[in-house]
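Here the structure comes first, spelled out in structure tokens, and everything after it is commentary.
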Protein chains: 2
Amino acid sequence: MARRERGGQPEQSSPVTLADIAKLAGVSPVTVSRAINTPSLVKPNTLEAIQRIIARTGYVPNLLAGGLASRRTRLVAAIVPSVSSTIFAEAIEGLNAELVAEGYQLLLGLSGYDHQRELELTRAILARRPDGIILTGITHLKETRSMLTGAGLPIVEIWDSTPSPLDTAVGFSHYDVGVLVAEYLMAKGYDRYAQIGANDPRALQRRDGFINRLASVAPVELPDIEMNSPSTFSDGRQALAQLLDRGGGSLAVFGSSDVVAHGALTEAIARGRRMPEDVAIIGFGDFDFAPHTYPSLTTVRIDRRMIGTQAARSILRKLSGEEVEPMIKIGFEIVVRHSA
Amino acid sequence: MARRERGGQPEQSSPVTLADIAKLAGVSPVTVSRAINTPSLVKPNTLEAIQRIIARTGYVPNLLAGGLASRRTRLVAAIVPSVSSTIFAEAIEGLNAELVAEGYQLLLGLSGYDHQRELELTRAILARRPDGIILTGITHLKETRSMLTGAGLPIVEIWDSTPSPLDTAVGFSHYDVGVLVAEYLMAKGYDRYAQIGANDPRALQRRDGFINRLASVAPVELPDIEMNSPSTFSDGRQALAQLLDRGGGSLAVFGSSDVVAHGALTEAIARGRRMPEDVAIIGFGDFDFAPHTYPSLTTVRIDRRMIGTQAARSILRKLSGEEVEPMIKIGFEIVVRHSA
DNA sequence: TGATAAAATGGAAGCGCTTTCATTTTTCGG
DNA sequence: CCGAAAAATGAAAGCGCTTCCATTTTATCA
């Protein structure tokens, strides 16, 4: 029976193999393999002849076969919650840039903040035998963890700080971000403090840091609104409405992301509150739009791209046998604008 | 010699293979293969026994080997210019969702609007023998095209409209977008018309549609500022400054993206112009922030996610041997807000 | 120029799976 | 309870490459 037809194209799928090239060049397959992977081991004439034939025939090596034989796929997988939320997208870009430069490719998995999906993705990804894998966060299902450690490949957990990574981690302490924001707002002095936003583990860490640091000063209010991750503009707007409806004096709010903070800010303005005197709002992420809101949004900046870059480097270093420090910390800072 | 150490993990890389499972279950490898891929062909008892052993051993099939033997990788690749610009990120999400549901995975390539890089990515991707590939745009290097068509796999070009796709396309006519915007602004009547923005092929198409439709009414002014793709907030701000400095009556501006339009809008407000009376600005993309700028941004909305969804469907249909219409059009519409 | 080391090349085996085709087992109507 | 058809299973080959080791060729030095 003929080979399966694929697509609607006339089936002319590059059936040229390394063996074909070898035959055409009058050398053995091994030599062609070397010409491609370790050209320095091939005599210049031979090399050139082989390269000419490769170019002429349009030969594209089969990395499935190569990977199977060599146990190296030059594939690195990354699982992030989402890619449309900018926040992870930039890390992906940094990651990808670094990987491509070293001849690796990126296999992407989107978990949508769902641990079960993360597990399934992990299994599917591991089946492709990537040379390394990057996960978001430090909380994973037990099954995911054992599968991962059993696979014996470099692992990087990003976006979080932990003393005990699965293997290696690149990120920062979300708790400390909360503390920093609390201190910043405390110093300015407000009557009430509140936190609004998402419910993913990292957002909750930031909240805890915020709450605990403020514990001696005032209780931190939380709006009574269900929010999932990622939280939205309208979540923020509603949340602030509710907080303001409760009455009371000046209010300082820490939003779990710039998006939710922007919503809150919009509600404050709509109600004619003065910022940052009556209401102060501080976001997280320093998104593109943060400098351009009205009033401009004070927020916490993280070098998101660097997270990806460092994650890639950790993996590449491990693959070349170098030592890698298990926890690489990424800095953060408050960007002071007009909203707080 | 011992196998190469990978990562810093104790090397215990799942050395359990399908053959091991077969041995443990007392069946032949073929039967295990069937238990995994076509369980309906295996007797219930046998199936259950095999599944138990797979679970117990933590066996993860090797898709490299499987793909090599079956010539199906369950891998779909996508090349987009960038993923941090929201605009493509959402298409990627739609694409991924559809693929994952059918057991496929996404291999991502970022070209950065660079055709040469697109070519290199294409080569690297084809080497992994994906079952289908998605490219952005309809302009590719000749070499890319021939490599692609020679590979004999389903191809989808997204984000653009064309009567002659490489294989299949999902998108819309950027030229028509320009025409629509021109008509919208013409109907409101302005003294001057201008276009500002990026220089990628699609942005230029939109510009051409805009210019040509307005040709009978007025010449379209272009600022004298170099802009690359993607264009930025400050590009827009500068561009509008230059246009306003030229003097003249009321001005209507079409920005190549909401980002650049937002910059223009900010400049207009900073100069105290009334919108949309003195200055009208219309963007493209309906980004998250568009409803929340001050004044809110009138723009063109495209269902970006749907582009990804349809692209995935085209490929999946082709793979299952169904006919697919070569050009799937995605609609667009003007979202009227306060800026125009 | 011959011996020796270094550089180039090749043969054979096998990575872990699926395919094809053959064989065995089960089912079922008469 | 037999024979034919259907269901279940298996043997062998091979997907396209890399690895290890052996062999051949070339360069180098005394």
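Just so we're clear, the structure is a prediction, and the values are computed from it rather than from any experiment. The figures that follow rest on heavy atoms only: side chains count, while hydrogens, waters and symmetry mates do not. By convention in this document, chain letters (A, B, ...) are assigned in the order of the sequence lines, proteins followed by strands, and residues within each chain are numbered from 1.
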With a 4.0 Å limit, can you tell me whether [X] has a side-chain N or O closer than that to the phosphate oxygens OP1/OP2 of [N]?
| X | N | answer |
| --- | --- | --- |
| A/Ser33 | D/dT18 | yes |
| A/Thr31 | C/dT9 | no |
| A/Tyr59 | D/dG16 | no |
| B/Thr17 | C/dG16 | no |
| B/Asn62 | C/dC15 | no |
| A/Thr46 | C/dT9 | yes |

Among the candidates [options], find the nucleotide nearest to the side-chain atoms of [X].
| X | options | value |
| --- | --- | --- |
| B/Arg71 | D/dC15, D/dT9, C/dT18 | D/dC15 |
| B/Ala69 | C/dT19, C/dT9, C/dC17 | C/dC17 |
| A/Ser28 | C/dC17, C/dG11, D/dG10 | C/dG11 |
| B/Leu68 | D/dG16, C/dG10, C/dC17 | D/dG16 |
| A/Val30 | C/dC17, D/dA11, C/dA12 | C/dA12 |

Distances under 3.5 Å between nitrogen or oxygen atoms of protein and nucleotides 25-28 of chain D:
none

Donor-acceptor pair (no angle test) under 3.5 Å: B/Arg34 side chain, D/dG10 base: yes
